Novice: 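First the structure, then my questions, so here it is.
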There are 2 protein chains.
Amino acid sequence: MYRINSGMGHRPPVRMLSAWVRLQRVSQRVLSAVESDLKAAGYPPLAWYDVLLQLKGAGADGLRPLALQSEMLLKQYNLSRLLDRMEGERYLERQPCPEDGRGQIVVITPDGQRLLTRMWPAYEAAIQRQFAAQLTAEETAQLARLLAKLLPR
Amino acid sequence: MYRINSGMGHRPPVRMLSAWVRLQRVSQRVLSAVESDLKAAGYPPLAWYDVLLQLKGAGADGLRPLALQSEMLLKQYNLSRLLDRMEGERYLERQPCPEDGRGQIVVITPDGQRLLTRMWPAYEAAIQRQFAAQLTAEETAQLARLLAKLLPR
DNA sequence: CAAATATATATGCGCCTGCATCTAATTGTC
DNA sequence: GACAATTAGATGCAGGCGCATATATATTTG
């Protein structure tokens, strides 16, 4: 009995590498295709939608940046500046956090809610075109399952 | 008979969206984890390795940027500047192209060859740790197959 | 409770990316 | 063969990201 992936000492193990390369290429391409569909429709980037959707889910209580961070797997400094930009466009508000003076509470504004609603059709069409249309329901589920295994913990 | 993914008119279809979100999160996270492993080991980014590997495969004939572009699914201006940087570090050379005065031929240098060789162990370890170790051989193959369906053509 | 340490978020700086546009060479048209 | 259209590649500019570090508050420790 031997481990399939062992013993790759000095040369690229072809099958594994090809899957790896494909993950790079495909994810980058599909992601950026959806991004430019959105941009072409005059909307802000994907990440903005994601943040607003999370905030909407949290309702009036809002969310701490820390929570958003781990949810969205963003780096702290990136989220901080993303919130800057979105706050600048009045899609969200930062409020002081009563339980922790260092922290803050981020809340979606009515403008943010409206943006979510307006954006969805364009976003949906983009996902559909660039992603969902290429897969059957089963394949989609399989893909989700496999990807989940790639997350630590 | 009906199409599974049709009729998602005004609300996110949950299963499909979750696969989509996972693709975003996972690919971004795994990619950037490998990048920082490489950086931590003192090496240049992943894309440099990829370019050099392609160039090595092309041998002394080299490759036109156009060919690299479509192979690696890079945008023209990004590749152009990537080649600038790599040429600056003497990992490759740009030579005039005899068949087309507008074009050029990119060739790997001995320094580039050495970098490839030195980088591989770190790169391999990173891929192994962040990607391959989470999947069985079958899962890897399945993932590759599903991802392939997401590429146009 | 003072001092040390840890945590939440912000920010200056340099590199990378996208967009639009530029330049130079090639191909097609009459 | 002159002129228009196309193609290969480069580049100025603005914005996003990573890194290191700053700032302010919270928690722990002696």
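If you're wondering where the values come from, they're calculated on a predicted model, not measured in any experiment. Order of the sequence lines fixes the chain letters, A, B, ..., with proteins taken first and strands second; residue numbering starts at 1 for each chain. Just so it is clear, the values below take in all heavy atoms, side chains as well, and ignore hydrogens, waters and symmetry mates.
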Novice: What contact category does Arg81(A) fall into here, base, sugar-phosphate, or nothing, at under 4.0 angstrom with non-hydrogen atoms?
Specialist: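 Contact class for Arg81(A): base.
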Novice: May I ask you to test the Val107(B)-Leu63(B) pair for a side-chain heavy-atom distance under 4.5 Å?
Specialist: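 No, every pair of side-chain atoms sits at 4.5 Å or beyond.
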Novice: How many Å lie between CG on Leu83(A) and P on dT11(C), as a whole number?
Specialist: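 About 12 Å, once rounded to whole Å.
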Novice: Just how far, in rounded Å, is P of dG16(D) from CG of Leu31(A)?
Specialist: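 Rounded to whole Å, this separation is 17 Å.
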Novice: Closest approach to the side chain of Arg102(B), judged atom by atom: which nucleotide of dA8(D), dT17(C), dA10(D) is it?
Specialist: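 Closest nucleotide to the Arg102(B) side chain: dA8(D).
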Novice: Output the rounded distance in Å from CG (Leu74(A)) to C1' (dG16(D)).
Specialist: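 Interatomic distance, CG of Leu74(A) to C1' of dG16(D): 12 Å.
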Novice: Please pick, from dC17(D), dA10(D), dA10(C), the nucleotide with the shortest atom-to-atom distance to any side-chain atom of Ser80(B).
Specialist: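 Selected nucleotide (nearest to the side chain): dA10(D).
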Novice: To the nearest angstrom, how far is Asn78(B) atom CG from dA20(C) atom P?
Specialist: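 Value for this atom pair: 14 Å.
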Novice: Should Met72(A) and Ile108(A) be regarded as members of a common hydrophobic cluster, given that ILVMFWY residues are connected when their side-chain heavy atoms come within less than 4.5 Å of each other, either directly or indirectly?
Specialist: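 Yes, because Met72(A) and Ile108(A) connect within a single hydrophobic cluster, where side-chain heavy atoms sit under 4.5 Å apart.
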Novice: Nearest-Å distance, CD1 (Ile105(B)) to C1' (dG9(D))?
Specialist: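 Nearest whole value for this atom pair: 14 Å.
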Novice: Which of these nucleotides, dA26(D), dT9(C), dG9(D), is closest to any side-chain atom of Pro65(B)?
Specialist: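 Output: dG9(D).
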Novice: Report the nucleotide, chosen from dT26(C), dA20(C), dC19(D), that has the shortest atom-to-atom distance to any side-chain atom of Tyr77(B).
Specialist: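 Of dT26(C), dA20(C), dC19(D), dA20(C) is nearest to the side chain of Tyr77(B).
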Novice: Is any side-chain heavy atom of Gln113(A) less than 4.5 Å from a side-chain heavy atom of Tyr91(A)?
Specialist: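 Heavy-atom side-chain distance check fails, nothing below 4.5 Å.
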Novice: Starting at atom CD of Glu99(A), determine the distance to atom P of dT27(D), rounded to an integer number of angstrom.
Specialist: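 Checked: the CD to P distance equals 11 Å.
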Novice: Asp84(B) side chain: which of dC19(D), dT11(D), dT11(C) is closest?
Specialist: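 It is dT11(D).
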Novice: Taking CG from Leu46(A) and P from dC17(D), how many angstroms apart are they, rounded to a whole number?
Specialist: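 In whole Å, dC17(D) P and Leu46(A) CG are 12 Å from each other.
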Novice: Starting at the 5' end of DNA chain D, which residue's closest nucleotide do you reach first, Lys75(A) or Gln69(B)?
Specialist: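 Result: Gln69(B).
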Novice: Arg94(B) or Gly101(A): which one's nearest nucleotide on DNA chain D is closer to the 5' end?
Specialist: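 Its nearest nucleotide being more 5', the pick is Arg94(B).
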Novice: Can you tell me if Arg15(A) has over 12 outside heavy atoms packed within less than 6.0 Å of its CZ?
Specialist: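 Counting other residues, nucleotides and ligands, CZ of Arg15(A) stays at 12 neighbours or fewer.
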Novice: Nearest of dG18(C), dG16(D), dA10(D) to any side-chain atom of Gln76(B)?
Specialist: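 Among the listed nucleotides, the one closest to the side chain of Gln76(B) is dA10(D).
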Novice: For a quick test of reading the model: is some side-chain N or O of Arg85(B) closer than 4.0 Å to OP1 or OP2 of dC16(C)?
Specialist: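 The answer is yes; a side-chain N or O of Arg85(B) sits under 4.0 Å from OP1 or OP2.
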Novice: Counting N and O atoms only, with roles assigned by atom type, does the side chain of Glu35(A) sit under 3.5 Å from a partner on the main chain of Leu46(A), one being a donor and the other an acceptor?
Specialist: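 The answer is yes, because a donor-acceptor pair under 3.5 Å joins these two groups.
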